[in-house]
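Have a look at the structure below, then the notes.
In listed order, ligands and their atoms are each counted from 1. Quick caveat, the model's predicted, so the values are computed rather than measured.
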Amino acid sequence: MSSTAPHVLVIPSPAQGHVIPLLEFSQCLAKLGCRVTFVNSEYDLNRVMKSLEGKNYMDEKIHLVSIPDGMEPWEDRSDFGKLTKRFLLVMPGKLKELMEEMNEREGEKIDCVIADGIMGWALDLAAKMKIRRAALWTSSAASLALAFSIPKLIDDGIINSNGTPIKKHVIQLAPNMPAMNSEQFFWACVGDLPTQKLIFDFMVDNVKAMKVADFLFCNSTYDLEAASFTMLPELLPVGPLLASNRLGNSAGYYRQEDSNCLKWLDQQPPNSVIYIAFGSFTVFDKIQFQELALGLELCNRPFLWVVRPNITRDKKDAYPEGFQDRVATRGRMIGWAPQQKVLSHPSIACFLSHCGWNSTMEGLSNGVPFLCWPYLSDQLLNQSYICEIWKVGLNFDKDKSGIITREEIKNKVDQVLGDENFKGRAMELKGKALSSVREGGSSYKTFQNFIEWLKS
Ligand SMILES: O=c1ccn([C@@H]2O[C@H](COP(=O)(O)OP(=O)(O)O[C@H]3O[C@H](CO)[C@@H](O)[C@H](O)[C@H]3O)[C@@H](O)[C@H]2O)c(=O)[nH]1
């Protein structure tokens with residue numbers, strides 16, 4: 001390891017959908033010659049190390065370290081509002097200590113802090129310590145444009161100063177951007193009112209910190225989100241952040257991946273399998289979970305379904321009676337997939353997804369049509385992109401009791417797979433997404449310019 005290589009400190013928000021892209025970004029920087037200190041929470045580092053056991057997935061120039069997140073090991077971290085409240089009390093002080101120690105050690109001085117866009121406090125800390133700083137926004141450029149528009153939304157009477165929508169409004173920030181329903185603003189559809197206010201205030205602070213960072217990156221591309229990037233000239237694309245771009249493997253998982261599913265996919269006909277995954281957060285009630293299972297059964301097609309152990313509140317007997325036996329010859333349920341590899345497998349026909357931004361970028365980059373089942377936050381906006389702007393998927397309608405029925409699932413799966421235009425448009429977008437990371441592409445150029453700047 002050369003001591004003249006720039007040394008960056010990278011800090012993600014302690015959440016799966018953030019650790020994966022920030023670590024991928026770090027792997028790209030390491031490949032370009034940087035030394036990276038990657039700061040997980042202690043709890044997350046344990047999980048990440050466990051999932052990496054026996055695997056040579058990490059660049060040797062990346063050093064994984066940890067600081068506490070203010071929660072006890074046995075506490076539930078799935079309530080993001082509670083986790084945020086707690087880590088804000090502890091992490092800033094601990095990160096400061098860590099950075100001061102590193103800066104004093106020979107050859108470990110930090111040249112730049114790269115923080116998750118929702119860890120604005122880390123950017124503030126870097127500024128106070130007179131360290132250069134960059135932010136990576138892990139969701140769409142459109143969602144960042146929305147966050148940057150908060151003062152205008154308040155002035156226009158669309159939200160109050162707590163972020164609460166004053167009335168139901170559908171807004172479009174610019175032509176060719178997805179329409180946004182004010183009740184679905186990403187801070188306004190998370191938890192109860194106090195949680196929404198906490199997330200809103202947190203976002204206001206994050207926006208302030210991002211605005212004055214030296215660099216602001218987004219896991220997206222100009223070609224996919226031209227209008228949103230036009231609204232934010234300071235925002236630079238680095239996406240899609242995929243391990244395959246650097247011929248590597250994804251790291252940063254909180255769970256062991258089940259790689260056997262790839263062998264199972266090898267045995268399926270091309271373009272036949274429905275892949276179903278809801279990211280790391282989504283929780284189902286038993287009725288909806290069972291209806292989804294029965295919908296997949298009704299589709300009568302091969303499927304690979306990621307059923308995290310905590311995906312339902314009722315841990316026991318989650319599946320409908322006899323379901324597993326009935327689908328045994330064509331369905332497979334696993335706890336955690338190597339998703340990026342799954343989506344690039346030729347047997348995959350479509351992706352039934354919660355539309356987290358990483359999943360969205362991964363599906364697009366592989367030319368896979370979507371069936372959208374958003375849950376909260378930016379996922380509703382991502383669904384609008386998929387269905388209305390890019391037209392590479394369909395959403396589900398709920399029945400009168402608020403359920404997505406098995407018949408609706410079969411109907412929409414049949415529609416997406418029965419209309420070649422979805423696949424055709426998805427393949428076009430794949431080309432656009434991947435051209436940005438190839439030599440000369442916009443994301444490629446962002447990395448080159450950033451490295452030059454780091455070395456300057
Ligand atoms: O079996 C699985 C399931 C998921 N993943 C990976 O886990 C990540 C999940 O990220 P994402 O699809 O964005 O979902 P969340 O985990 O829900 O991500 C959170 O963070 C995202 C980025 O900010 C937001 O867009 C989401 O709404 C928010 O819930 C992706 O890289 C997937 O490839 C796997 O590798 N295997």
- Task: Ignoring hydrogens, just give me the one of R255, H354, H18, E257 whose non-hydrogen atom is nearest atom 17 (O) of ligand 1.
- Result: H354
- Contact with ligand 1 for R308, non-hydrogen, under 4.0 angstrom: no
- Message: Are more than 12 heavy atoms, taken from residues, nucleotides or ligands other than K55, located less than 6.0 Å from that residue's NZ atom?
- Response: yes
- Item | Nearest-contact summary for atom 13 (O) of ligand 1 - protein heavy atom, Å | N358 ND2, 2.8 Å
- May I ask whether F278 has any heavy atom positioned less than 4.0 angstrom from an atom of ligand 1? no
- Any donor-acceptor N or O pair under 3.5 Å, side chains E225, Y385: yes
- Query: Where does the angle between the aromatic ring planes of W121 and F87 fall among parallel (under 30°), tilted (30 to 60°) and perpendicular (over 60°)?
  - Reply: tilted
- Whether over 12 other heavy atoms sit under 6.0 Å from K341 NZ: yes
- Note on the structure: atom 3 (C) of ligand 1: of F186, W336, W357, F80, the nearest heavy atom sits on W336
- Message: Nearest 0.5 angstrom please: H354 NE2 to F284 CZ, how far?
- Response: 10.0 Å
- Task: Please check if any side-chain donor atom of W137 sits under 3.5 Å from a side-chain acceptor atom of S143, or the reverse.
- Result: yes
- Item | atom 1 (O) of ligand 1: the protein heavy-atom neighbour that sits closest, reported with distance to 0.1 Å | A337 N, 2.8 Å
- Item | Option whose closest heavy atom lies nearest to atom 16 (O) of ligand 1, chosen from G17, S250, G117, S280 | S280
- Pick one of side chain, backbone, both or neither for how Y253 approaches ligand 1, counting any non-hydrogen atom pair under 4.0 Å. side chain
- Item | CG-NE2 distance between N366 and H345, expressed to the nearest 0.5 angstrom | 12.0 Å
- Note on the structure: Here the atoms of ligand 1 under 4.0 Å from any heavy atom belonging to I20 are 6 (C), 7 (O), 8 (C), 31 (O)
- Return yes or no for this condition: an N or O of Q379 is under 3.5 Å from an N or O of ligand 1. yes
- Identify the closest protein heavy atom to atom 12 (O) of ligand 1: which residue and atom is it, and at what distance? S359 OG, 2.5 Å
- Message: Students often mix this up, so state it plainly: with edges at 30° and 60°, are the rings of F229 and Y222 parallel, tilted or perpendicular?
- Response: perpendicular
- Query: Considering only heavy atoms, does A277 approach ligand 1 within less than 4.0 Å through its side chain, its backbone, both, or neither?
  - Reply: neither
- Rounded to the nearest 0.5 Å, what separation is found between the CD1 atom of I114 and the CG atom of L136? 8.5 Å
- Message: So, regarding D378 and ligand 1 (criterion: nitrogen or oxygen to nitrogen or oxygen, under 3.5 Å), is there a contact or not?
- Response: yes
- Do P338 and ligand 1 have an N or O pair less than 3.5 Å apart? no
- Side-chain H-bond candidate by donor/acceptor type, N162 with T164, under 3.5 Å: no
- Task: Please identify which atoms of ligand 1 are closer than 4.0 Å to at least one heavy atom of G356.
- Result: 11 (P), 12 (O), 13 (O), 14 (O), 25 (O), 26 (C)
- Side chain, backbone, both or neither: the part of T138 lying under 4.0 Å from ligand 1 by heavy atom: both
- Item | S359 versus Q339, side-chain donor and acceptor atoms under 3.5 Å | yes
- In the protein, which heavy atom is nearest to atom 31 (O) of ligand 1, and how far is it? E362 OE2, 2.7 Å
- Task: Using a 4.0 Å heavy-atom threshold (strictly under), name the region of V306 that reaches ligand 1: side chain, backbone, both or neither.
- Result: side chain
